[in-house]
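Notes to accompany the following structure.
Hydrogens, waters and symmetry mates are skipped; everything else that's a heavy atom, side chains included, is used.
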Amino acid sequence: EKCILCYPRVEAGMPPVCFHSCVGKIRFFGLVLYDEDKVAEALLADDADLVQAQRDIILDPSDPEVIEAAKESGISDDWIEAAQRSPIYPLVKKWEIALPLHPEFRTFPMLFYIPPLSPLLTSKGEDSPSAEDVFDMEKPKEGALLGLDEVEKFRVPMKYLASMFGAGDEEVVKKAILRQLAVRHYERSIRVEGKADPEPLRKTGLTEEDAKAMTRLVSLAYYDERFVVPNTKRE
């Protein structure tokens, strides 16, 4: 048996069954526009550069030049509009929290995974997360979480996650995880402390607008925001 991505459903404007029936509502389905001329070159990138190489071939669907090129290539307006509403572009390209599975295989499947926020120990064990649990972006090479002795305190080892989602590059996985932690801290500061603390976001390269959009998409999105399927191109 083999997954066929439920193409009869997709052709009818519906997401695959596993996406639709996901109990946790953590699956998203949509299209991306990409530069096919750059795929061959991207496949030849070094292992450490493969994640970024795959991101680089994905195009901004709101860029006027991309829109013009898409129309010249025969892509219809409804497909372009679907790419602009697709949840995949911000997760993979804008926020960089979704990563390809085993990019070293160089198959470039357009399936991406958000590394898990596995349980961790805080520095004092008094609150989670605290400002001390956010990655210090000014010292990324040291691989330290502020207030944590080692990143190995994550239940799922960083090295293992990097072998799955980063072709061995721990930095891309670490960035995805720490951005999630930063957003979690930001949302906690609003709901628990009653005052937004954007400092963890700044350290991970996010804005407050990013944090609000991420929270909306991964936690509160409606059906038609999680699944954006354009009309079938019968021709």
Practice item. Describe, in one word, how the ring planes of Phe105 and His102 are oriented to each other, choosing from parallel (under 30°), tilted (30 to 60°) and perpendicular (over 60°). Key: parallel

Point to revise | Nearest heavy atoms of Leu59 and Tyr34, plus distance in Å | key: CD1-C, 3.8 Å

Exercise for review: Run the salt-bridge test on Glu170 and Lys159 with the 4.0 Å N-O cut-off and return the result as yes or no.
Suggested key: no

Check your understanding: Side-chain contact, heavy-atom cut-off 4.5 Å: Asp210 with Tyr186?
Key -> no

Check your understanding: Any side-chain heavy-atom pair from Met110 and Val92 closer than 4.5 angstrom?
Key -> no

Practice item. Measure the shortest side-chain to side-chain distance between Tyr223 and His20 over non-hydrogen atoms and say whether it is less than 4.5 angstrom. Key: yes

Review point. For the side chain of Arg179 and the backbone of Ile97, is there at least one donor-acceptor N/O pair under 3.5 Å apart?
Key: no

Check your understanding: Is Glu199 paired with Arg202 through a side-chain N to carboxylate O contact shorter than 4.0 Å?
Key -> yes

Practice item. For residues Pro103 and Gly166, report the shortest heavy-atom separation together with the two atoms involved. Key: CG-C, 4.2 Å

Review point. Do the side chains of Leu161 and Ile177 get nearer than 4.5 Å, heavy atoms only?
Key: yes

Review point. Do the side chains of Met214 and Lys94 get nearer than 4.5 Å, heavy atoms only?
Key: no

Check your understanding: Is it true that Glu171 and Lys174 make a salt bridge, defined as a side-chain N closer than 4.0 Å to a carboxylate O?
Key -> yes

Revision key, fill the gap. For Asp78, the side chain to side chain donor-acceptor pair (under 3.5 Å) test, sequence neighbours excluded, returns Ser76, Asn231

Practice item. State whether Lys212 and Glu208 are salt-bridged, where the test is any N-O pair (Lys NZ or Arg NE/NH1/NH2 against Asp/Glu carboxylate O) under 4.0 Å. Key: no

